[in-house]
Amino acid sequence: MNFLSKITGSFSTPSAANPTVAMVEAAYKHHGLDFRYLNCEVLPKDLEAAVKGARAMNWVGFNCSLPHKVEVIKFLDGLGESAKLMGAVNCVVQRDDKYIGENTDGKGFLKSLKSIIDPAGKSIAILGAGGAARAIAVELALENASRITVVNRDQNKGKDLVDLINNKTKCKSEFKDWSTKFEVPDHVQILVNATSIGMSPDIDARININPDSFRKDLVVADVIVNPPMTNLLKDAKAKGCQIVDGLGMVINQAVLGIKFWTGEDVDPEVMRKKLLEVL
Ligand code: NDP
């Protein structure tokens, strides 16, 4: 290690597995960037001290994973547009000696989706209303999606996201209760799973949805990284739909973070290769 390397990293809880470290370090190495990416285990009670420590050590930025994404905001100096709307930060960037909170989760998803379909003017159904769903819904709305249907078990959480989109963006949104098997309505052109259903180790878990309602022209996206080919995506493929896996989202959000911190556009393929190696 060069002792003058600029430091970036991640504040995670002790239990969080973090494949991002290997991926980001692979990109730094491939592009000869004199940066390091360190994963630091930070308990919620120590978050303020950790941010102070990063400032003291002149870190150029860091990622925050759950449960720090909301709490970190009060220790920062400002927020980017989508982070402000979502009320959640996953990427902190040093700008003019200030720490600004950004959210690259939704942006990473958007980049991945746009390689298949432009969401502008489209009707989209999102399964889930947690952090990933909020990040994705806000970015899709800012990208001029015409209608977003939020499908969730917990009504309060679902309706909260719907209100956010209706009140803060030009996109129309509605809530769909998820107590019965979800049938994809005819108007929906893009379906996004933003729940954790199907994530390792519960890879056989089935989403409460009827695959017979998948039309051939429907694009189906999943946020799950491990395994990349979920049961939902298998079903969608079998119905002839185009699919978007969760690897693209995690890789693109890292590409965006590195751009924020170093100013460099790094090769996503280098990171995809490393990620598949470590998963
Ligand atoms: P949250 O805990 O914030 O939200 C989870 C959501 O999933 C909630 O809406 C919850 O519904 C729903 N849910 C969970 N289990 C079920 C179930 N059995 N049936 C119906 N709904 C269910 O998690 P996140 O939003 O942060 O993360 C969700 C997934 O996204 C995770 O798998 C995570 O790994 C992935 N992710 C992927 C990223 C990537 O880069 N690819 C980035 C960020 C996250 P309810 O509200 O009713 O409880």
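Counting starts at 1 for both ligands and their atoms, following the listed order.
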Proximal candidate to atom 24 (P) of ligand 1 [heavy atom criterion; set A132, S196, S200]: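 It is A132 whose heavy atom sits nearest to atom 24 (P) of ligand 1.
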Any protein heavy atom < 4.0 Å from atom 32 (O) of ligand 1: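 Looking at atom 32 (O) of ligand 1, one finds that a protein heavy atom does lie closer than 4.0 Å.
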Backbone or side-chain N or O of K69 under 3.5 Å from ligand 1 N or O: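 No, K69 has no N/O under 3.5 Å of an N/O on ligand 1.
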Parallel, tilted or perpendicular, as decided by the 30° and 60° cut-offs, for the rings of Y99 and F62: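 Taking Y99 first and then F62, their aromatic rings stand perpendicular (interplane angle over 60°).
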Identity of the nearest option to atom 11 (O) of ligand 1, non-hydrogen atoms only, from N90, V150, D154, N152: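 Selected option, by shortest heavy-atom distance: N152.
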Closest candidate by heavy atom, reference atom 34 (O) of ligand 1, pool R134, Q155, M199, M249: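 Closest candidate by heavy-atom distance is M199.
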Heteroatom distance test (A133, ligand 1): nitrogen or oxygen, under 3.5 angstrom: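 Among all N and O atoms of A133, none is under 3.5 Å from an N or O of ligand 1.
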Check: Y37 ring centroid to W59 ring centroid under 6.0 Å: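 For Y37 and W59, the ring centres are not under 6.0 Å apart.
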Structural part of I224 in contact with ligand 1, heavy atom criterion under 4.0 angstrom: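 I224 to ligand 1: side-chain contact only, backbone stays beyond 4.0 Å.
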Nearest-option assignment for atom 5 (C) of ligand 1, heavy atoms, candidates A129, A135, G130: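 Nearest heavy atom to atom 5 (C) of ligand 1 lies in G130.
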Sole candidate of N90, N103, D105 that passes side chain to side chain donor-acceptor pair (under 3.5 Å) when paired with K69: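 Going through N90, N103, D105 one by one, the side chain to side chain donor-acceptor pair (under 3.5 Å) with K69 is satisfied by D105 alone.
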Verdict with supporting geometry, I207 and L127, side chain to side chain contact (heavy atoms under 4.5 Å, CB included): CA-CA 9 Å; I207 292 186; L127 308 174; 4.0 Å; yes
Main-chain N/O of L233 paired with T230 side-chain donor or acceptor, under 3.5 Å: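 Yes, because the side chain of T230 sits within donor-acceptor range (under 3.5 Å) of the backbone of L233.
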Region of A194 that comes within reach of ligand 1 [heavy atoms, distance under 4.0 Å]: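 It is the backbone that gets close, since no side chain atom is under 4.0 Å.
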V255 side chain near M271 side chain, heavy-atom distance below 4.5 Å: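 A side-chain contact exists here, since the closest heavy-atom pair is under 4.5 Å.
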